[in-house]
Trainee: 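Have a look at this one.
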Protein chains: 2
Amino acid sequence: MKISTKGRYALRLMLDLATYNTGEPVSIKDISKRQQISEKYLEQIISVLNKAGFVRSVRGAQGGYFLSRAPKDYTVGMILRLTEGDLAPVSCVGMTDVECDRIDSCVTNRIWKQLNDAISNVVDNITLDDLLSWQSELTDQYVI
Amino acid sequence: MKISTKGRYALRLMLDLATYNTGEPVSIKDISKRQQISEKYLEQIISVLNKAGFVRSVRGAQGGYFLSRAPKDYTVGMILRLTEGDLAPVSCVGMTDVECDRIDSCVTNRIWKQLNDAISNVVDNITLDDLLSWQSELTDQYVI
DNA sequence: ACAATTCATAGTAGAAAACTTGGAATTAAG
DNA sequence: CTTAATTCCAAGTTTTCTACTATGAATTGT
């Protein structure tokens with residue numbers, strides 16, 4: 001029941017793009033330095049985000065990435081589902097419900113549905129914009 | 001973010017014991033047949049439940065297992081945490097909070113805490129007794 | 001031209017999950 | 001007292017997944 005590095009890194013990556021959203025594209029190298037994550041691994045993760053249209057890329061020297069929409073338009077759920085795959089605690093209550101021959105008599109199924117709903121309820125109600133404001137709360141503390 | 005077979009099997013095992021709670025010990029072999037799970041794998045799982053005192057064993061011929069308490073005294077959370085380990089979505093918000101040097105500036109942390117609470121809230125509020133009544137609802141359907 | 005970048009694909013080492021194997025210890029039943 | 005049914009214990013194995021790493025091509029600003 002753990003979120004993998006891929007999902008966590010994707011979140012930090014997107015938050016980094018949201019934070020350093022100046023108009024200039026942000027390079028993998030910069031993100032890598034700030035987030036302490038290997039450039040190559042980041043490339044792999046951002047490629048998924050890129051293909052899904054979550055980010056826009058600029059190729060060549062001085063290239064990099066932007067968010068393609070406003071921070072408020074990305075939920076944590078969107079980002080995690082894209083990179084982690086389904087967040088359902090068991091496959092039979094996932095987005096693509098895997099068939100299970102015990103389905104009719106399956107009692108535990110009800111647990112997984114409840115869990116799935118609880119998880120979705122959290123991640124679908126936090127946006128990148130929320131993360132940004134949490135972040136500024138945190139930095140404010142240090143400024144005082 | 002998946003619950004492993006170990007946890008799911010442990011739940012079904014415990015529910016099986018609760019269901020076939022006649023006074024006679026229930027053997028691994030019987031559970032295995034009913035639940036379609038290999039005897040040997042069940043042995044391994046029940047050994048954990050046994051060591052934790054969740055079940056009582058009777059050795060030798062005609063031996064088997066009992067629940068050591070009433071179904072209402074087992075939450076799904078207890079069973080899953082024992083067999084799965086911590087249910088926290090990332091280790092830094094788990095029962096034994098693993099140290100993380102980014103902790104002070106960590107924004108995503110807040111997500112994981114919320115997720116953790118949501119998950120706990122579900123699994124800690126469903127007992128084996130609830131599962132038993134769900135089960136009888138289901139079987140009633142077929143009886144009609 | 002060249003250096004900085006993204007893009008694409010494959011490889012790899014280690015860990016974890018999901019079992020399987022083999023056999024010793026215990027005990028009710030005949 | 002023997003035997004068959006069972007739990008108990010410790011390793012071994014196979015498969016899958018995670019978390020990267022490696023190599024190099026394609027693109028583009030300076």
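We name chains A, B, ... by the order of the sequence lines, and we start the count at 1 in each one.
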Trainee: Of all the choices, dT20(C), dG29(D), dC8(D), which nucleotide is nearest to the side chain of Ala61(A) once you look at every atom?
Mentor: dG29(D)
Trainee: Does OP1 or OP2 of dA18(C) have a side-chain N or O of Ser38(B) closer than 4.0 Å?
Mentor: no
Trainee: Calculate the interatomic distance between Ile46(A) atom CD1 and dA19(D) atom P; express it in whole Å.
Mentor: 18 Å
Trainee: Specify the closest pair of heavy atoms between Ile111(B) and Val122(A), including all atoms of both residues, with the distance to one decimal.
Mentor: O-CG1, 4.4 Å
Trainee: In whole angstrom, what separates Asn50(A)'s CG from dC7(C)'s C1'?
Mentor: 9 Å
Trainee: Is there a donor-acceptor pair under 3.5 Å between the side chain of Ser120(B) and the backbone N or O of Asp117(B)?
Mentor: no
Trainee: If I take atom OH in residue Tyr65(A) and atom P in nucleotide dA4(C), what distance separates them, rounded to the nearest angstrom?
Mentor: 17 Å
Trainee: Considering just the side-chain nitrogens and oxygens of Ser57(A), establish if one lies under 4.0 Å of OP1 or OP2 belonging to dC7(C).
Mentor: yes
Trainee: Do the non-hydrogen side-chain atoms of Leu11(A) and Ile3(A) ever get within less than 4.5 Å of each other?
Mentor: no
Trainee: Side-chain N or O of Gln62(A) less than 4.0 angstrom from OP1 or OP2 on dA4(C)?
Mentor: no
Trainee: Can you check the Lys29(A) NZ to dA3(C) C1' distance for me, whole Å?
Mentor: 10 Å
Trainee: Nearest 0.5 Å please: distance from the OH atom of Tyr74(B) over to the CE atom of Met14(B).
Mentor: 4.5 Å
Trainee: Which residues within residues 2-22 of chain A lie with some heavy atom under 4.0 Å of an atom in DNA chain C?
Mentor: none
Trainee: Once you round it to whole Å, what is the distance between P of dA5(D) and CD of Glu24(B)?
Mentor: 17 Å
Trainee: Indicate yes or no: at least one non-hydrogen side-chain atom of Met1(B) is less than 4.5 angstrom from one of Lys2(A).
Mentor: no
Trainee: Taking all non-hydrogen atoms of both residues, which atom of Ala18(A) and which atom of Leu128(A) are closest, and how far apart?
Mentor: CB-CD1, 4.4 Å
Trainee: Using the rule that two of Ile, Leu, Val, Met, Phe, Trp, Tyr join whenever any of their side-chain heavy atoms come within less than 4.5 Å, decide whether Ile46(B) and Val58(B) are in one cluster.
Mentor: no
Trainee: In whole Å, what is the span from the CZ atom of Arg56(B) to the C1' atom of dC8(D)?
Mentor: 17 Å
Trainee: Between dT18(D) atom P and Ile37(A) atom CD1, what is the distance in whole Å?
Mentor: 17 Å
Trainee: Is the shortest heavy-atom distance from the side chain of Leu49(B) to the side chain of Leu82(B) under 4.5 Å?
Mentor: yes
Trainee: What is the per-nucleotide protein-contact pattern of nucleotides 8-14 of chain C, from the 5' end, where B denotes a base atom under 4.0 Å from a protein heavy atom, S denotes such proximity for sugar-phosphate atoms only, and - denotes neither?
Mentor: B-B----
Trainee: Flag yes if Leu132(A) and Ile79(A) sit in one hydrophobic cluster, no otherwise; membership is Ile, Leu, Val, Met, Phe, Trp, Tyr, and two members link when side-chain heavy atoms are under 4.5 Å apart.
Mentor: yes
Trainee: Expressed in angstrom and rounded to an integer, what is the separation of Ile45(A) atom CD1 from dC20(D) atom P?
Mentor: 9 Å
Trainee: Counting C-beta onward and ignoring hydrogens, is there a side-chain heavy-atom pair between Asp124(A) and Arg81(A) closer than 4.5 Å?
Mentor: yes
Trainee: Quick one: does Arg12(B)'s side chain have a donor or acceptor within less than 3.5 Å of a partner on Gln35(B)'s backbone?
Mentor: yes
Trainee: Using five pairs at each end of the helix from dA1(C)-dT30(D) to dG30(C)-dC1(D) to define an axis, what is the angle between those two axes, to 10°?
Mentor: 0°
Trainee: Within less than 4.0 Å of OP1 or OP2 of dT21(C), is there a side-chain N or O belonging to Tyr41(B)?
Mentor: no
Trainee: How close do Ser27(B) and Gly63(B) get, counting heavy atoms only, and between which atoms?
Mentor: CB-O, 4.0 Å
